[in-house]
Amino acid sequence: MSPKRLSIFDIATMYEGEQDSATAVPGARVKISTNRIYYGNKSTLSEFVATAYDRNGKSIKSMNGYFLEPGTDYNRAKKEGSDTAIMSGSYEVIPQAEMRKRIAERRTLNGERIIEHDIKLRYNWYIDNPPGRSGIAIHSGRDGRNTTGCFIPGDSISSNKEKTDYSIIDKGKRGKLFRFFNDYGQNGIRINVGPDFEELYK
């Protein structure tokens, strides 16, 4: 009898000690809806709701919180390394192992030979393929200095004295969100980013 092949979500648990694959719900999927509520010079703030659905499309559990991204500039948002929030849109959220695989496939299509295991990634979960950007992850941090486009989850927020920028306070939200991914994301995770004011920049 051949050994059971691990799914990409089983593999992801190898990188995140806070996850517990024993509670995974087969066939479930996760949808994250974000609402950008504040645009500062150095930070963009969103509220989010993550909802789990069973294989029949019935909502079975949800959680909420905040995301912090860097400042928003849609004139530069599609440029690699621009240190801005990504464009609004709908994206897959995938674990590190799957991100390495996709990077290798894309580089191969572009004529560059690369071995998947040679791709070094720092974080556990990635937002795949926003326009013009790569390496957009969900990871820990506190303010705009800790992100160049990534999403920092938290339980609450605080502002500077001038109320021109915000920081995020994480009392365990990142770990809870990653466990939510592991428990209910077996059939995929999708994040819907926005709405926002990108029309003003066209």
Side-chain angles (χ1 to χ4, degrees), residues 29-51 63-96 98-100 102-103 105-107 109-110 112 119 121-170 173-174 177-178 181 185 188-202:
R29 62 183 175 86
V30 172
K31 176 183 174 183
I32 309 166
S33 297
T34 76
N35 181 28
R36 285 175 169 164
I37 57 174
Y38 179 79
Y39 298 82
N41 295 327
K42 299 177 182 177
S43 61
T44 301
L45 186 67
S46 299
E47 296 174 318
F48 78 82
V49 176
T51 305
M63 65 175 291
N64 63 344
Y66 293 93
F67 282 130
L68 186 132
E69 304 168 69
T72 301
D73 182 348
Y74 292 114
N75 293 314
R76 300 188 299 121
K78 294 181 182 180
K79 296 179 181 178
E80 189 70 76
S82 61
D83 193 14
T84 66
I86 63 172
M87 300 296 291
S88 62
S90 181
Y91 307 104
E92 280 187 274
V93 177
I94 59 176
Q96 184 187 104
E98 177 66 10
M99 189 75 254
R100 285 201 308 268
R102 294 188 186 188
I103 290 171
E105 289 174 349
R106 287 167 187 157
R107 290 187 180 177
L109 289 174
N110 288 332
E112 180 184 352
I119 298 170
L121 295 176
R122 179 178 178 184
Y123 300 112
N124 301 306
W125 293 93
Y126 286 84
I127 296 172
D128 189 38
N129 214 23
R133 306 288 288 279
S134 63
I136 303 299
I138 300 173
H139 64 76
S140 61
R142 178 158 174 79
D143 57 36
R145 293 172 295 184
N146 304 132
T147 170
T148 58
C150 298
F151 285 59
I152 300 174
D155 301 270
S156 59
I157 56 174
S158 64
S159 67
N160 59 10
K161 291 181 180 179
E162 298 78 20
K163 297 191 181 297
T164 57
D165 273 302
Y166 282 81
S167 58
I168 202 135
I169 301 167
D170 181 12
K173 185 64 67 177
R174 182 187 65 91
L177 183 62
F178 286 2
F181 288 172
I189 303 168
R190 183 159 288 274
I191 185 169
N192 296 318
V193 179
D196 49 41
F197 304 117
E198 66 187 73
E199 290 294 329
L200 298 176
Y201 293 84
K202 293 181 180 177

Residue pair Ala85 / Arg36: nearest heavy atoms and the distance that separates them: CB-NH2, 3.8 Å
Electrostatic pair Asp73-Lys79, nearest N-O below 4.0 angstrom: no
Main-chain N/O of Glu47 paired to Asn35 side chain as donor or acceptor, under 3.5 Å: no
Residue pair Pro153 / Lys173: nearest heavy atoms and the distance that separates them: CB-CG, 4.4 Å
Test side-chain contact (heavy atoms from CB on, under 4.5 Å) applied to Ile191 and Phe48, step by step: CA-CA 9 Å; Ile191 185 169; Phe48 78 82; over 6 Å; no
Asp83 and Thr148: side chain donor to acceptor below 3.5 Å: no
Separation between CD1 of Ile37 and CG of Leu45, rounded to the nearest 0.5 Å: 4.5 Å
Polar side-chain atom of Glu69 near backbone of Phe151 as donor-acceptor pair, under 3.5 Å: no
N/O donor-acceptor pair under 3.5 Å between Lys31 side chain and Val49 backbone: no
Side chains of Gln96 and Tyr123 in contact at under 4.5 Å (non-hydrogen atoms): no
Closest contact, heavy atoms only, Pro70 versus Cys150: CD-O, 4.0 Å
Flag, side chain of Glu92 to backbone of Gly188, donor-acceptor distance under 3.5 Å: no
Nearest-0.5 Å distance that lies between atom CD1 in Ile86 and atom CD1 in Ile127: 5.0 Å
Separation of Phe181 CZ from Asn124 CG (nearest 0.5 Å): 11.0 Å
Close side-chain approach of Tyr91 and Ile136, heavy atoms under 4.5 Å: no
Atom pair OH/OG of Tyr66 and Ser167 - distance to nearest 0.5 Å: 12.5 Å
Passing candidate, salt bridge (charged side-chain N to carboxylate O under 4.0 Å, His left out) with Asp128, options Arg190, Arg106, Arg100, Arg133: Arg106
Side chains of Ile157 and Ile169 in contact at under 4.5 Å (non-hydrogen atoms): no
Under 3.5 Å: donor-acceptor pair, side chain of Arg142, backbone of Ile168: yes
Straight-line distance of Asp155 CG to Asp170 CG, nearest 0.5 Å: 5.5 Å
Where Thr84 and Ala77 come nearest, the two heavy atoms and their spacing: OG1-CA, 3.3 Å
Which atom of Val30 lies closest to which atom of Ala50, heavy atoms considered: CG1-CB, 4.4 Å
Main-chain N/O of Tyr39 paired to Thr44 side chain as donor or acceptor, under 3.5 Å: no
Thr147 and Leu68, any side-chain heavy atoms less than 4.5 Å apart: yes
From OH (Tyr38) to OG1 (Thr72), nearest 0.5 Å: 10.5 Å
Nearest heavy-atom neighbours spanning Ser90 and Asn192: OG-OD1, 2.8 Å
Close side-chain approach of Val193 and Phe67, heavy atoms under 4.5 Å: no
Min side-chain heavy-atom separation Ser134-Glu80 under 4.5 Å: yes
